Amino acid sequence: MAEGDEILPRDAKIVKSLLKSMGVEDYEPRVIHQFLELWYRYAVDVLSDAQVYSEHAGKTTVDCDDIKLAIQSKVNFSFSQPPPREVLLELARNRNKMPLPKSIAASGIPLPPEHETLISPNYQLSIPKKQSSQAMEETEEDEESGDPNTSQEPKTDLPQQTLQRVSFPLAKRPK
């Protein structure tokens, strides 16, 4: 035995030998304690259920049949059985009756439609409108005239530079 095995309780030694028999050599020491806790909780649950079944049957003591019934109810509650092989074969036959979709013979990697992708643009840009050439000439003439009164006042007759909003809406994806 190893050095630390002498101080381990009997149940911990059993868990350790079970792990070793399953080929588990490297594990944390807490694993043994977690298995012991699970083991004790399971035993307490089964025994308490067996006691309830025994009381329901009108018996004063718990016997082997009560424990078997408690274990069976625990197994039925905790684990589900797979469907019979015949049912699985029938499902496979029905599924295999449907032909596979035709593949598109195109070069490269087949991609999903654009509306189903997450990389479609979802942003807005502000693009300034360009001034017409006539408005640009008027602006240059006003600046060259050098009239002192016009330079002090804000110019209201010039067209203001407005921004044009361009948006790219996201396509809605069917769910």
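Owing to the predicted nature of the structure, the values given are computational and were not obtained by experimental measurement. Basis for what follows: all heavy atoms, side chains included, without hydrogens, waters or symmetry-related copies.
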| request: Go through the steps for Ile67 and Ile71 under the test side chain to side chain contact (heavy atoms under 4.5 Å, CB included), then give the verdict. | output: CA-CA 6 Å; Ile67 293 176; Ile71 290 172; 3.9 Å; yes

| request: Could you tell me whether the side chains of Tyr40 and Asp11 share a donor-acceptor contact shorter than 3.5 Å? | output: yes

Locate the shortest heavy-atom distance separating [X] from [Y]; write the atom from each residue and the value.
| X | Y | value |
| --- | --- | --- |
| Ala70 | Ala50 | CB-N, 3.7 Å |
| Lys74 | Asp49 | CD-OD2, 4.4 Å |
| Tyr53 | Ser73 | OH-OG, 3.2 Å |

Can [Y] be reached from [X] by stepping across I, L, V, M, F, W or Y side chains whose heavy atoms are under 4.5 Å apart?
| X | Y | value |
| --- | --- | --- |
| Val15 | Tyr42 | no |
| Leu38 | Val46 | no |
| Ile14 | Tyr27 | yes |

| task | Answer yes or no: is there a side-chain heavy-atom contact under 4.5 Å between Phe35 and Arg30? | result | no

| task | Look at atom CZ of Arg93 and say whether more than 12 heavy atoms of other residues, nucleotides or ligands are closer to it than 6.0 Å. | result | yes

| Can you name the one residue among Leu8, Leu18, Ile32 that meets side chain to side chain contact (heavy atoms under 4.5 Å, CB included) with Lys13? | Leu8

| Does the pair Leu47 and Val62 meet the rule for a side chain to side chain contact (heavy atoms under 4.5 Å, CB included), with working shown? | CA-CA 9 Å; Leu47 290 175; Val62 176; 5.7 Å; no

| message | With side chain to side chain contact (heavy atoms under 4.5 Å, CB included) as the criterion, how do Leu89 and Arg85 come out once you've worked through the C-alpha distance, each side chain's angles and the decisive distance to 0.1 Å? | response | CA-CA 6 Å; Leu89 288 173; Arg85 187 169 193 266; 3.7 Å; yes

| message | Quick one, Lys59 with Asp66, criterion side chain to side chain contact (heavy atoms under 4.5 Å, CB included). Give me CA distance, side-chain angles, the key distance, then yes/no. | response | CA-CA 10 Å; Lys59 297 186 257 180; Asp66 298 327; 3.1 Å; yes

